[in-house]
Protein chains: 2
Amino acid sequence: MSDQDARPLRQPTFDLGPAIERLRSVLGPEGLLTADAEVAEFRDPFQHPSWRDFEPGAVLMPSSVEEVQAILRVANECKVPVWTSSQGRNNGYGGAAPRVSGSLVLSMRRMNRVLEVDEVNAAVLVEPGVRFFDLYDHLRATGSKLWMSVPDLGWGSVVGNTLDHGVGYTPIGDHVGQQCGMEVVLANGEILRTGMGAMDNARATLVHKRNCGPSADGLFMQSNYGIVTKMGMWLMQPPDCYMPGWLTLRKDSDLELLLEVLRPLMMDGTIPNQPMIINAVCAMSAFAGREQWYTGAGPMPEAVIDDIARQPGFGRWVMRFALYGDETIVERQREIVQDAFGTIPGAQVSFSKYDGHAMPELENPHERVQAGIPSMALDRMTRWYGGEKGGHIGFSCAAPITGRDGAALRDLVRTELNGAGLDYSGVIIVSKRSMIHVGLVVFDTEDEGQANNAYAACRAMVRSAAQMGYGEYRSHLDFMDLVAEQYAFNDHAQRRFNERIKDVLDPNGILSPGKQGIWPAAYRA
Amino acid sequence: MSDQDARPLRQPTFDLGPAIERLRSVLGPEGLLTADAEVAEFRDPFQHPSWRDFEPGAVLMPSSVEEVQAILRVANECKVPVWTSSQGRNNGYGGAAPRVSGSLVLSMRRMNRVLEVDEVNAAVLVEPGVRFFDLYDHLRATGSKLWMSVPDLGWGSVVGNTLDHGVGYTPIGDHVGQQCGMEVVLANGEILRTGMGAMDNARATLVHKRNCGPSADGLFMQSNYGIVTKMGMWLMQPPDCYMPGWLTLRKDSDLELLLEVLRPLMMDGTIPNQPMIINAVCAMSAFAGREQWYTGAGPMPEAVIDDIARQPGFGRWVMRFALYGDETIVERQREIVQDAFGTIPGAQVSFSKYDGHAMPELENPHERVQAGIPSMALDRMTRWYGGEKGGHIGFSCAAPITGRDGAALRDLVRTELNGAGLDYSGVIIVSKRSMIHVGLVVFDTEDEGQANNAYAACRAMVRSAAQMGYGEYRSHLDFMDLVAEQYAFNDHAQRRFNERIKDVLDPNGILSPGKQGIWPAAYRA
């Protein structure tokens, strides 16, 4: 177990051998990977090659709910931990790797069916192995007109992204908000359906989120309480008009002005999607490696960042956003937005306009993402240092949409990263009521000193941020305990609550021990 | 325990005496009501006078979280049930009355502080005793410009309405969607804060719904897992333009056309609030008693309903809805809406227009409600039969927004009610993705035969609706078990799950036993 600076834990011993023997007959060769090279694909992809934290023991790839149930039966009987991911592409947070080294890694990649497309109600029912690419392809191949929401990289799982509180960038980009009903296999093998799906043959399963009684959906997100095997998600009808926009800011401190101007536009829906505000380093990292701009040691000097900011289409901050809908309304929204941003000296605003019913091939990957078209074009942003060996850790705090909060998080992250000799590559993802400041903590995964510095900076930032009142919304494996430790109200009432639920739903502690700092009884010292 | 036609239950005996003695010193005379007349106020207000189901034992009115904790300590030690409501004004579902007769009724009416108004982020933190009236008065008295959301009657609790999946009628009318963070006292007296509030001094408590880990908020709604003592709720900035609209339909069958036209306007936000579609009987009940139109036995004849529908401003169905925001955008939305409704033969649309920053006194109570102004003007709708002795039970199913589903629910409810000799008074509340068909099952509470018919019709409708795939979203005390019984997927996996959670969080089974059909272990036969 890695050093997490939190309360003491112990690790029960377990032996995968007997479990693997039994699972071989259940899953067949396609469903059980034990060869080193195959298992290695499920390691934390950005870990230094010599590090051995979070090592998968073997990989299970069930193809059905029944196989998931069979896995849980074996795991309960053999008392072995099973770490579940959907696609496990969440690389800035550890990918598919398990918190407890040697765990069985259960990957849902083979459960990848789009089970239902409800064109009338703009909703789908999907399995967790369905990638954003897969859903998009399925919609287009079946003649559906529906638009979806995608994060910057399309290779992840629709379900997995949602379960981890992920976001996308069309007006349905608050994925948790668009989730409607789920099927969960509990640790004891029982199949639970939430929402209206708890009624057999219910008409409202994909349109009404709750039934009559408590809703457990939120419990199964960012937790280790069950394995989600199906999920309803809302899509949207294509807009008559799609108008992606760009805003560039000249000065670093303009960020504060922007956030104050932006907040009311978000709250009243004038901007209906989730804008992303990108700093110069991060924006450039989509196009170039660091070495094309600077090869010195230590953080990139301000003067070089200013050079980047002066490139055409760049600024100290760039914001992408988009408008959707009836053309007259979109044109009026454009005016309102332009007037509002016009109050920021030196701000530049530009727009493109498309017919949402007859979309051309979009060249700009950001404009594709905001149209819900999956892509891998932005993948290179994590390769700022070290080219193909580049990696990153996401350090991601939630805050109110205010200049004060934006400046506080920017300054905290920049100071810590620069102090660790690293560049500050940052984005702010803005939702209707709050924003997430993501420090993409980029580093060369083969440079152990730099990797160590990156981890140490993240650890320090978790603590400093909490002292300032900011909590992370998502966490890399290495910081899960530390992050959970910060949610300490009433002497960790939440942790005690989470662990009471854990103990009753998973008494043998087999499901993803340690996920978000939630440990089964056997691990608690 | 009333006849619920569900699985067998037993009722543990308990003696309130020792608990009341101990609580007297904790709560003082203002906090403990035992006199018959005072306790009677917390009975089911629409129960026939001779019926004795759901009788409160005594009433507890704590004034602080510490007093709530003290109550739970006593209840655990004395093993007595405590049925909690906020204001307990949910009269169509049983008011403040407890499911288990003789329970202590815990009313939060004295915990009625507005703890925080965040004008910048348009959010408030309130205690459960805060009524919609109180919040409105507080906002106006403190100079806040914020608009809120209210249900038709303003006397209910903001928190209580939200916890029971209630809705309002401004663009923030999906109350569960607008809830952000809560404080809960668990059965063991521990105080839990959800969301970002789990971090001390968090900046994002009122703006970001989740933290890093599972979210339990949904668990504490429509359940008996804890007592909510504080809740964050989102409000909205006043719109430049407020434009309430009316649509009247000539024919009963036009409902189906309307729903098909309405669905896309809801999904894309052209209509941003929650429209209410009201049938002629229900619409008239806001202005007149039944006897002004018909005094015969059995259901009102179609010809009389047609007479009502021909009154100015009436129709077989009337829909209220409203537009909010920038005037140019609102005017374009009005055009889109008019064009869409214009495809329904005989449909009439009309609008009013107000400056949201300088609202006049609005005469029409529906237009007040849609501006978030609390009112009691629509209270008389439940007095269709029997004048002051009139009452109702809400029979409320969720469904997709389609003509097929609207017609199916209308026909089901009308057929059952007319078969029971009762008029069909119905409204459909339309949300972004789904709708709730509410049969206001109105009856004269002093006419025992009619009351029995009403209850029998509801019981029959629960079952018939479930066979057709429709589940209730809320339930009167008398049908909680029957409603829960319908969510039967996988041989009642949800009930087993709910009861596992119940048993671990409330091992003595003191909190609201039987709420939504969730029974503590001691009650399960």
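Note that the coordinates shown come from a computational prediction; the quantities given were computed from them, not determined experimentally.
Within the 4.5 angstrom heavy-atom criterion, only side-chain atoms of B:Phe220, from C-beta onward, approach chain A. The parts of A:Ala466 that come within reach of chain B are both its backbone and its side chain, each placing non-hydrogen atoms under 4.5 angstrom from that chain. With a 4.5 angstrom heavy-atom cutoff, A:Tyr225 touches chain B only via side-chain atoms. Interface residue A:Met468: only backbone heavy atoms are found under 4.5 Å from chain B. Only the side chain of A:His165 has a heavy atom closer than 4.5 Å to any heavy atom of chain B. Using a 4.5 Å cut-off between heavy atoms, A:Asp240 does not touch chain B at all. Contact annotation for A:Gln178: only side-chain heavy atoms (C-beta onward) come within less than 4.5 Å of a heavy atom of chain B. Only the side chain of B:Asn188 comes within less than 4.5 Å of a heavy atom of chain A; its backbone N, CA, C and O stay farther away. Using a 4.5 Å cut-off between heavy atoms, A:Leu235 touches chain B through its backbone atoms (N, CA, C, O) alone. Neither the backbone nor the side chain of B:Leu163 comes within contact range of chain A, judged by heavy atoms closer than 4.5 Å.
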Task: Verdict with reasoning, B:His208 to A:Ile436, per side-chain contact (heavy atoms from CB on, under 4.5 Å) - done: CA-CA 9 Å; B:His208 195 77; A:Ile436 305 284; 3.6 Å; yes
TODO: Output, in order, the C-alpha distance, side-chain angles, deciding distance and verdict of side-chain contact (heavy atoms from CB on, under 4.5 Å) for A:Met236 and B:Asp268.
DONE: CA-CA 8 Å; A:Met236 61 184 272; B:Asp268 72 7; over 6 Å; no
- [ ] Could you walk me through whether A:Asn121 and B:Arg433 pass the side-chain contact (heavy atoms from CB on, under 4.5 Å) test, one step at a time?
- [x] CA-CA 7 Å; A:Asn121 295 298; B:Arg433 296 278 181 164; 5.8 Å; no
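Considering only heavy-atom pairs separated by less than 4.5 Å from chain A, the leading option among B:Val207, B:Ile401, B:Ile501, B:Val504 is B:Val207. Ranked by heavy-atom pairs shorter than 4.5 Å toward chain A, the options B:Gly213, B:Ala204, B:Ser431, B:Ala202 are led by B:Gly213. Of the listed residues (A:Gly269, A:Ser223, A:Ala398, A:Ala216), the one with the most heavy-atom contacts under 4.5 Å to chain B is A:Ala398. When each of A:Gln467, A:Glu260, A:Lys432, A:Arg404 is checked for heavy-atom pairs under 4.5 Å with chain B, A:Arg404 comes out on top. Counting heavy-atom pairs closer than 4.5 Å to chain A, the top-ranked of the candidates B:Lys515, B:Gln516, B:Arg500 is B:Arg500. Counting heavy-atom pairs closer than 4.5 Å to chain A, the top residue among B:Asn201, B:Val176, B:Leu206 is B:Val176. Your options are B:Ser396, B:Ala493, B:Pro400, B:Pro264, and the one with the most heavy-atom pairs under 4.5 Å with chain A is B:Pro400. Counting heavy-atom pairs under 4.5 Å between each of A:Gln486, A:Lys209, A:His492, A:Arg203 and chain B puts A:Arg203 at the top.
Side-chain atoms of B:Asn490 come within 3.5 Å of backbone atoms of A:Ile191 as a donor-acceptor pair (strictly under, hydrogens ignored). Checked by atom type and distance alone, the side chain of B:Arg263 pairs as donor or acceptor with a backbone atom of A:Val120 at under 3.5 Å.
A:Asp200 contributes atom CG, which lies 12.0 Å from atom OH of B:Tyr487 (distance to the nearest 0.5 angstrom). Of the inter-residue distances, the one linking A:Gln494 atom CD with B:Cys212 atom SG reads 9.5 Å to the nearest 0.5 angstrom. To the nearest 0.5 Å, atom CE of residue B:Met199 and atom CD of residue A:Glu472 are 9.0 Å apart. For the atom pair B:Phe489 CZ and A:Met196 CE, the distance stands at 15.5 Å (nearest 0.5 Å).
Applying the ring pair (Phe, Tyr, Trp, His ring centres under 6.0 Å) test to A:Tyr473 and every residue at least two apart in sequence or in another chain returns nothing. Qualifying side chain to side chain donor-acceptor pair (under 3.5 Å) partners for B:Arg496, counting only residues two or more places apart in sequence or in other chains: A:Glu190.
Side-chain contact between A:Pro214 and B:Asn498 is present, with at least one heavy-atom pair separated by less than 4.5 Å. At a threshold of 4.5 Å between non-hydrogen side-chain atoms, the residues A:Phe497 and B:Leu505 count as touching. Between A:Met267 and B:Gln237 there is a side-chain heavy-atom pair separated by less than 4.5 Å. Annotation: side chain of B:Ile329 is not in contact with side chain of A:Thr328 (no heavy-atom distance under 4.5 Å).
Between the side chains of B:Gln222 and A:Asn211, no donor-acceptor pair is found at a separation under 3.5 Å.
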